[in-house]
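Quick notes on the structure that follows.
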2 protein chains.
Amino acid sequence: MANSIHPLLVNFFADLPDTPAPIYARLKQAITQKVTSGEWQANQRVPSEAEIVKALNVSRMTVNRALRELTAEGLLTRQQGLGTFVAQKKAHSALFEVHNIAEEVASRGGQYHAKQLQLTKSKASVEEAINLGMRTNQEIFRSVILHFEDNQPIQLEERVVNATLAPEYGEQDFTQETPYVYLMKAAPMTEGEHLVEAVLPNARECELLDINDHEPCLQIKRRTWSGDQIVTAARLLHPGNRFQLFGHFSS
Amino acid sequence: MANSIHPLLVNFFADLPDTPAPIYARLKQAITQKVTSGEWQANQRVPSEAEIVKALNVSRMTVNRALRELTAEGLLTRQQGLGTFVAQKKAHSALFEVHNIAEEVASRGGQYHAKQLQLTKSKASVEEAINLGMRTNQEIFRSVILHFEDNQPIQLEERVVNATLAPEYGEQDFTQETPYVYLMKAAPMTEGEHLVEAVLPNARECELLDINDHEPCLQIKRRTWSGDQIVTAARLLHPGNRFQLFGHFSS
DNA sequence: ATTTATTGATTGTATATACAACTTAATGTT
DNA sequence: AACATTAAGTTGTATATACAATCAATAAAT
């Protein structure tokens, strides 16, 4: 019967995360979560707009927006008169933009939080000064932040910031806002570089990331410029078994 | 006065192309044209939604959709309470271009050579078929090639190729020309995706790559499309201590 | 002079409604 | 049996309305 509840919809009742995010965004998260978790397989039919409207008691235009945006992002495909389906092409999320790990986790439907392990101000060491293109007597901030996805460590971020270019860095609360967000306000990035490699973590890093010895890690070293000055240099360490870097390109 | 017509709007009157496309799409086109032609410079203010509504006599929601989508595409930036502006950054230049390892080694001034370990034709396994979007009874090529830089192994390349799309693959000599070069001739790539992660190699891979046990490796899995068909899927394994992936981006 | 409050402009979200365009399945006609 | 029509379901677009959230400039108060 057309009246029977769509089987996929069982878990849709009151299924949206009750974060303060807007409805369409929470719906996107919920659907993304279903897809990335594998609960909804590729090519599988997704509930129609009308069904979701009934199940969640929201407006069809809101549902339409969520589905339309997910389609634009490549997670779903839609065909007029036919329905909405899970796309084949990978459900993986962001690519080069590992900038904002919080957003990336959220876009996968995961739960994000962070722990700030260090945030200090001091004079740059020789190495740091060279790396940032500064002099050794100039001041820098050092921060160490551990990022979590669903209560598992996903990224260890060690960052050095030119204090002249981002003087308020030391007063931020990075459990609420990622350094990237603040730094883009303070000194908008005009250029950047990555260096990606596979490394073995040391004992402290193993403990922080909650992984076994000999578990390889994906390390990204990044420097970002604002104009001709280096704003910040960061080392991002990710457990190899929980983190992948995805990229898509077209010609 | 707030009533005066926005200078940028002069050309907006009856400015939409009269193709049969929907209004929001034509508005996107018109704005994109202004930006790419340089008529609207970076950081320049874009007419507000209300102004465009007045000028074109369309609904604000329609204008909102056009501006919102262009923002998602990176052409514009918007700030609540402030306005809409032309974004600075152009486009993401593809960075992770590790396509041709031979060229890369040469560009570093290293000496390149390759060993072909396998090159066979057979029917696709279930996994391979799924990965390539084929059926299990269709034919594929499998190749395994070891690439060297200065006589040290630098990349182990395991590749599966859709035999229908690249029928001559089995007759190539990949010690003289990399698979990438041939495949670009046979079925020019239109799209691709990478998946980068840190992994531990198995015993055979350690031997081939001439590395110690527990030495982490950088693994790149790549699939490339020609049109809507997947041409090839490859797994590229690199010793973590000899290989780094570098990328640079600018706005 | 400094701070605070107000106001207007702007974008952000949510809803209800309407109709168009397309697809599939069922129904009717020849 | 083959074809044409109809109906139901689905996505696509456009509009009007309402209110919230944010920002900058102005006005008011101290």
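Proteins come first, then strands; the chains are lettered A, B, ... in the order of their sequence lines, and each starts at number 1.
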Send over the distance from A/L56 CG to C/dT15 P, rounded to a whole Å.
10 Å
With a cut-off of less than 4.0 Å, is there a side-chain N or O of A/T84 near OP1 or OP2 of D/dT10?
no
For the pair made of CG in A/L76 and P in D/dT10, what is the distance, rounded to whole Å?
16 Å
Would you say C/dT10 has OP1 or OP2 under 4.0 Å from some side-chain N or O of B/R78?
no
Rounding to a whole Å, what distance do you find between A/L67:CG and D/dG12:P?
9 Å
Whether over 12 other heavy atoms sit under 6.0 Å from A/E103 CD
no
Using a cut-off of 6.0 Å, state whether more than 12 heavy atoms not belonging to B/E127 lie near its atom CD.
no
Going by an N to O cut-off under 4.0 Å, is there a salt bridge joining A/R222 and A/E193?
no
Base contacts versus sugar-phosphate-only contacts with protein, heavy atoms under 4.0 Å: please encode nucleotides 17-23 of chain D as B, S and - from 5' to 3'.
BB-BBBB
In whole angstrom, give the distance that lies between atom CZ of A/R68 and atom P of D/dA14.
11 Å
Return no unless some side-chain N or O of A/Y24 is found under 4.0 Å from OP1 or OP2 of C/dA14.
no
Sorted by position of nearest nucleotide on DNA chain C, 5' first, the leading residue of B/E49 and A/R26 is B/E49
I'd like to know if A/E149 and A/R242 make a salt bridge, using a cut-off of under 4.0 Å between side-chain N and carboxylate O.
no
Nucleotide nearest A/S48 when distance is taken to its side chain, options D/dT10, D/dA14, C/dT11:
D/dT10
Distance check needed: C/dA14 P versus A/I52 CD1, whole Å only.
15 Å
What I want to find out is whether B/K221 reaches B/E197 closely enough, with some N-O distance under 4.0 Å, to be called a salt bridge.
no
In whole angstrom, give the distance that lies between atom CG of B/N64 and atom C1' of D/dT15.
13 Å
A/R68/A/E49 salt bridge by N-O under 4.0 Å criterion
no
Nearest-Å distance for atom pair CD1/P, residues A/I23 and C/dG12:
17 Å
CG of B/L27 versus P of D/dA14: gap in Å, rounded?
10 Å
Anything under 30° is parallel, anything over 60° is perpendicular, the rest tilted; go ahead and classify A/H238 against A/F243.
parallel
Check this one for me: any side-chain N or O of B/R65 less than 4.0 Å away from OP1 or OP2 of D/dT13?
yes
